[in-house]
Protein chains: 2
Amino acid sequence: MAMTKRPARTQDVPIPIDVRARTITDIARLAGVSAGTVSRALSGSSLVKPRTSEKIRMLATAHGFSPNIAARNLRTRRTGAVGVIIPLGHEAGQHISDPFFMALLGHLADALTDRGYDLLLSRVLPSNKDWLAQFVDSGRVDGVIIIGQSDQSAVLDEVASRYLPIVVWGGHIEGQVYCSVGSDNKLGGRLATEHLINKGCRRIAFFGDAAAPEIAQRLDGCREALAEAGIDATIDYLPVHLTAENAHPAILARLSENRIVPDGIVAASDVVGMSALRALSEFGLSVPSDVRVVGYDDLSIAAQTTPPLSSIKQDLATGAAHLVDILFRRMAGEATESVVMAPSLICRSST
Amino acid sequence: MAMTKRPARTQDVPIPIDVRARTITDIARLAGVSAGTVSRALSGSSLVKPRTSEKIRMLATAHGFSPNIAARNLRTRRTGAVGVIIPLGHEAGQHISDPFFMALLGHLADALTDRGYDLLLSRVLPSNKDWLAQFVDSGRVDGVIIIGQSDQSAVLDEVASRYLPIVVWGGHIEGQVYCSVGSDNKLGGRLATEHLINKGCRRIAFFGDAAAPEIAQRLDGCREALAEAGIDATIDYLPVHLTAENAHPAILARLSENRIVPDGIVAASDVVGMSALRALSEFGLSVPSDVRVVGYDDLSIAAQTTPPLSSIKQDLATGAAHLVDILFRRMAGEATESVVMAPSLICRSST
DNA sequence: TAAAGAAATTAAATCGATTGCAATAACAAA
DNA sequence: TTTGTTATTGCAATCGATTTAATTTCTTTA
């Protein structure tokens, strides 16, 4: 059979099924309906006849079609994304890969994914006062979760007073305007300290930098517990940063100063606690017989140290669930109250 | 003076300066120019007269205006966001908060922030084959970084063959189509094993689940090194999951089976290594005198264990920089080669 | 069978910023 | 003053999905 060459005319060429339909209009043409119908069919509207709807869905999946999100966002004035912001105000050295941030972030990702929302991660070094307002006004997200007040509570208050869908992870501070979810840090510090006192410790040290409000509250609780127990020794406060790289040498240095060695240590985080364990071991002191150590956060690493680290547990899974739940309620226009969760002591071999 | 009640007419009310201008058109009206000019002025186009441009910018900042991102995205067909996806194929139990993922994620967030891009985090349980195509076609991001092949390399190949801006963290696999950045896992396994052999170990165990290709390659390297050293003992392979919760009891159980206890352990990750340290300690074996342990990844926790854990270091900061750099080159249309980085041994007290 | 009512679908406006092209203003040279 | 350029600005189309209002089609019921 002889082949006849002829110019391809558009109408001669059937649309190949494997060409990816890009827009809703493409699908509409294929299905012989209008774009509006396709939109409704794909969003599961009951306005379209079941037969039509099914045909459209078949076509859509056959062509691997997925609607353009930017266009949808523009029209619906929603984004389907939630911003998670980590302000690193007081400790420039503190990196986003801090295990605590990451653990909470993981839970948030899970909770948001479950609700079909995207998570827009943003690490901010708050240089000017406008960082949050800018982010909020850019319309990239439907709501914002801030992990840690850092030293930015003034900024948080200001934005929260005009922008409803925002929630902050952190301890509750007297007079704050914004809505927060966190655990009772003062109580946590107290629990740790009382536990050490009960175990017989009398010379108690606190390792952690009280520049962050959460840490300051823990230190407060620690002091209160000591005062109530009638122990008048001033607490041995060592303001170490929360990274292992900083904490370990600082702790070693303190131990070497040959002042009185503490017999109980409250660490402001598990990472600091872990560094303390290591430093003590290197210094020839054994845990718990010479010194007892309590960490904070009860991350999964706490259970894996040698010896396993006692720790003040903040239930991050519940915390993340609260954060997301409250955020969605606020996105729906509801005013919500802050949540303060009770921390609990997890007792392991280090005490 | 008597007050006269009258209906408020729109033109009577001057636009208050403190009302947030929402759209570019609002600003245009205030500045007495057209929307196009505002758009150009704010994007720093040289087409607008400097005086006009300055006036517009003043107004914009005075009203705290920031342009609607969705509209811009729709028009420009760019999003200013990069997707970071963690597929959890082979281990449903493995959680996004795995320290390795998180460490890499932190570096990625930093690198992307530096370039002014947002990071859209997505955790995927690949139930159907379409998860990646769907994500890529939804137009939410300008490019995609995948952390870990998991068991999805077929899917990756398929999408990569038609969608350029995608990069994968992971080892290089024979014949892969997609572009990857990762370290040489086989070499890593070999380094760890040779190190143990040099230290005199002869009964070497490997703890980690070879269902993931990265881990399988490490195990391969391990076997090769043993073969080359002429040690014919079959390796003691224990396929533990990469979470501390799973690894620790599995390792304890293995130790209790009173078969021959290994004198050297290659752990597939630092978390597993840490669990091994703890299990050994609980079992009354001391590290490194009875058993030597090498971890993998060299996360910051490795240095803080007691004893500090020797580990095969993957340079995640460099890796993240490579991933982002390659992704941007691909977003610009360039074809790029995969990168295989050389891991290195960090020797600490555990060996 | 026609009219009324319900169901399904279409047409067209809309979201807000960007940008090619046209139009005007400003200015220089003749 | 007129013409020719160039520097600015305005107009209107565009991106693609959603949604209101309008229209067509199909059922009922009188």
Side-chain angles (χ1 to χ4, degrees), chain A residues 19-57 59-60 63-81 116 118 134 136-142, chain B residues 19-57 59-61 63-81 118 134 136-142:
Chain A
V19 157
R20 286 193 109 75
R22 298 191 25 72
T23 77
I24 215 170
T25 317
D26 296 341
I27 300 288
R29 188 164 6 89
L30 292 171
V33 298
S34 74
T37 304
V38 173
S39 173
R40 277 183 277 256
L42 294 180
S43 68
S45 161
S46 63
L47 287 178
V48 273
K49 192 198 318 202
R51 255 238 293 292
T52 320
S53 181
E54 189 173 350
K55 189 214 274 183
I56 291 173
R57 283 156 192 255
L59 276 169
H63 288 255
F65 169 78
S66 58
N68 181 301
I69 304 288
R72 168 185 295 163
N73 291 348
L74 176 58
R75 179 60 228 239
T76 59
R77 300 160 150 286
R78 305 182 336 110
T79 69
D118 283 327
Q134 291 243 327
V136 154
D137 291 330
S138 71
R140 276 180 295 199
V141 295
D142 297 334
Chain B
V19 158
R20 287 192 108 77
R22 299 188 24 72
T23 77
I24 216 171
T25 316
D26 296 341
I27 300 288
R29 187 162 10 85
L30 291 172
V33 297
S34 75
T37 303
V38 173
S39 172
R40 279 182 277 254
L42 293 181
S43 69
S45 161
S46 62
L47 287 178
V48 276
K49 187 185 345 188
R51 256 238 291 293
T52 319
S53 182
E54 188 174 350
K55 189 215 272 183
I56 291 173
R57 284 157 192 254
L59 276 169
T61 54
H63 288 256
F65 169 79
S66 58
N68 181 302
I69 304 285
R72 168 185 294 162
N73 290 349
L74 176 58
R75 180 60 228 242
T76 61
R77 300 160 152 285
R78 304 181 340 109
T79 70
D118 283 328
Q134 291 243 328
V136 155
D137 292 330
S138 70
R140 275 180 296 199
V141 295
D142 297 333

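The basis for the numbers below is simple: all heavy atoms, side chains too, and nothing from hydrogens, waters or symmetry mates. Naming: A, B, ... by sequence-line order, numbering from 1 per chain.
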Distance col, row A:T79:OG1 vs B:N68:CG, nearest 0.5 angstrom, shows 10.5 Å

Separation of D:dT18 atom P from A:N73 atom CG, nearest Å, is 10 Å

Here the distance between atom C1' of C:dT10 and atom CZ of A:R29, to the nearest Å, is 17 Å

To the nearest 0.5 Å, atom CD1 of A:I27 lies from atom NZ of A:K55 at 12.0 Å

Which donor-acceptor pairs under 3.5 Å do side chains of residues 30-49 of chain B form with protein atoms, sequence neighbours excluded?
{"unit_1": "B:S34", "atom_1": "OG", "unit_2": "B:T37", "atom_2": "OG1", "d": "3.4"}
{"unit_1": "B:S43", "atom_1": "OG", "unit_2": "B:S39", "atom_2": "O", "d": "3.2"}
{"unit_1": "B:S43", "atom_1": "OG", "unit_2": "B:R40", "atom_2": "O", "d": "3.1"}
{"unit_1": "B:S45", "atom_1": "OG", "unit_2": "B:L47", "atom_2": "N", "d": "3.0"}

Interatomic distance, CG@B:D26 vs CG@B:L59, rounded to 0.5 Å, equals 11.0 Å

Output for pair (B:R140 CZ, B:D118 CG), nearest 0.5 Å, gives 14.0 Å

Taken to the nearest whole Å, CZ/B:R140 to C1'/D:dG16 is 16 Å

Rounded to whole Å, the CD1-P distance (A:I27 to D:dA17) equals 9 Å

Rounded to whole Å, the CZ-C1' distance (B:R77 to D:dT14) equals 10 Å

From CZ of A:R78 across to C1' of C:dG16 the rounded distance in Å is 18 Å

Note: B:A70 and A:N73 closest approach over all heavy atoms is CB-CB, 3.8 Å

Expected string for nucleotides 17-28 of chain C under the B/S/- scheme (protein heavy atoms, under 4.0 Å, primed atoms plus P, OP1, OP2 as sugar-phosphate) is BBBB--------

Between CG of B:L74 and P of D:dA17 the distance, given in whole Å, is 9 Å

Double-helix bend of the helix from C:dT1-D:dA30 to C:dA30-D:dT1, axes at both ends from 5 pairs, round to 10°, gives 50°

Q | Any donor-acceptor N or O pair under 3.5 Å, side chains A:R57, A:S53 | A | yes

